[in-house]
Amino acid sequence: WAFYTAGMEGAPAALLHDEHLLRQALVQQSFVLHYQPQVEVASGRLCGFEALVRWQHPERGLVGPADFIPLAESRGLIAAIDHWVLREACCQASAWHAAGLPRVPVAVNLSAIEFRQRDVAQDIAQVLRECRLSPRYLEVEITESALMLDAGQARATLSRLQALGVSVAIDDFGTGYSSLAYLKRYPLDKIKVDRSFVMDTPGDSDDVAIVTAVVQLARSLQLRSVAEGVETEAQLQLLRRLGCDLAQGYGISRPLTAAQAEAWMRERSR
Ligand code: C2E
Ligand code: CA
Ligand code: CA
Ligand code: CA
């Protein structure tokens, strides 16, 4: 059951409590990033990390993004969170490079709401300067829905990011409602094949057909393909056969804390 009183705008008390805690978390910066490696399918070489945010909740411990990003989006807090993530990830990558670790890019997720802010490219340029990170080591991941509402503005933002030297990946590809036309129209760099299509390969022939088609589509548009949620050796073998460029998933590595990611890089470069 939920508990409503006047002035709460119909929101359940538990949600309001969480909203309060989330606002507090922003002030106290009680978020943490985990980094999941992306590797080249053909060679296994490290090609980058995706930064994934977690909330250190005072009562519930470490909370995953699925449990607070929707609340943050509906309460106007997502821009602040994404901005914190952007800065933290860029400064971490910059610190790793300075420490002599492999110079690979870091990818951050931008909510569609944040992506449609008029000054997002300017914001990113500012953070890159502050963290002393070259734009070529930053990638932003957006979903199809970010490109949907205002095509003109999406194109302008993507062009500014391209001019800056930041690359852009389409996340969760195939799960949104959109036409394929935007792949041609917008300056993009990567397509991330959603985990839901990769999950049941190689056993499910429909999913194999979908992954095959997306990898081929990416190749013919000269975009790089990334398979998400790769858990098994059999999946990796299939991706190798299909010529998928990059892979990411528990089978390669779970998302790691910054310290673990650093150890992972040192271990592999020995
Ligand atoms: P996503 O961008 O599709 O990120 C991949 C998600 O799949 C991550 O979940 C990751 O931990 C999980 N994953 C990776 N490999 C595997 C695998 O082999 N098997 C399974 N079962 N899962 C795998 P996570 O970290 O819980 O993030 C969930 C979603 O939250 C992300 O999906 C992304 O949409 C969003 N998110 C994460 N960080 C941020 C952020 O900083 N800003 C925004 N706006 N959204 C974020
Ligand atoms: Ca992502
Ligand atoms: Ca994804
Ligand atoms: Ca996803």
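Both counts, for ligands and for their atoms, begin at 1 and track the order of listing.
Of the heavy atoms in Asp82, only side-chain atoms (C-beta onward) come closer than 4.0 Å to ligand 1. Within the 4.0 Å heavy-atom criterion, the part of Glu50 lying near ligand 1 is the side chain and not the backbone. Only the side chain of Asp171 comes within 4.0 Å of ligand 1, judged by heavy-atom distances. With a 4.0 Å heavy-atom cut-off, ligand 1 is reached by the side chain of Gln36 but not by its N, CA, C or O. Contacts between Asp172 and ligand 1, counted as non-hydrogen atom pairs separated by less than 4.0 Å, involve the side chain only. Looking at Val85 against ligand 1, only its side chain comes within 4.0 Å, counting heavy atoms. Contact annotation for Arg54 and ligand 1: only side-chain heavy atoms (C-beta onward) come within less than 4.0 Å of the ligand. At a 4.0 Å heavy-atom cut-off, ligand 1 touches Arg195 through the side chain alone.
A side-chain N or O of Glu139 and one of Ser167 form a donor-acceptor pair less than 3.5 Å apart. Inspection of the Asp189 and Gln162 side chains reveals no N or O donor paired with an N or O acceptor under 3.5 Å.
Here the two cysteines Cys131 and Cys91 have their SG atoms closer than 2.5 angstrom.
Counting heavy atoms from C-beta on, the side chains of Tyr137 and Leu128 never come closer than 4.5 Å. Trp96 is not listed as a side-chain neighbour of Val106, based on a closest heavy-atom distance of 4.5 Å or more. A 4.5 Å side-chain heavy-atom check between Leu46 and Met265 finds at least one atom pair inside the cut-off. Considering only heavy atoms from C-beta on, Ser225 stays 4.5 Å or farther from Lys190 through its side chain.
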Does the pair Arg60 and Asp18 meet the rule for a salt bridge (charged side-chain N to carboxylate O under 4.0 Å, His left out), with working shown? CA-CA 11 Å; Arg60 285 188 269 145; Asp18 266 359; 2.6 Å; yes
Residues Leu22, Phe31; criterion side-chain contact (heavy atoms from CB on, under 4.5 Å); working and verdict: CA-CA 10 Å; Leu22 196 52; Phe31 298 100; 3.9 Å; yes
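Where the criterion is an N or O separation shorter than 3.5 Å, residue side chain and backbone included, Glu141 fails it with respect to ligand 1. For ligand 1, the polar-atom distance check finds an N/O of Val53 within less than 3.5 Å of one of the ligand's N/O atoms. In terms of polar-atom proximity, defined here as any N/O pair under 3.5 Å, Gln248 makes no such contact with ligand 1.
A pairwise comparison of heavy atoms in Ala121 and Leu164 identifies O-CD2, 3.9 Å as the closest pair.
Here the Ca ion (ligand 2) has protein N, O or S atoms under 3.0 Å from it, and they come to 4.
Every atom of ligand 1 is numbered from 1 in the order shown, and the set under 4.0 Å from a heavy atom of Pro255 is 11 (O).
The cationic group of Arg268 lies under 6.0 Å from the six-membered ring centre of Trp264 and within 45° of the ring axis, placing it in a cation-pi geometry.
With atom 13 (N) of ligand 1 as the reference point, the heavy atom nearest to it among Tyr250, Phe68, Trp84 is part of Tyr250.
The one candidate from Arg240, Arg45, Arg224 that meets the salt bridge (charged side-chain N to carboxylate O under 4.0 Å, His left out) condition with Glu40 is Arg45.
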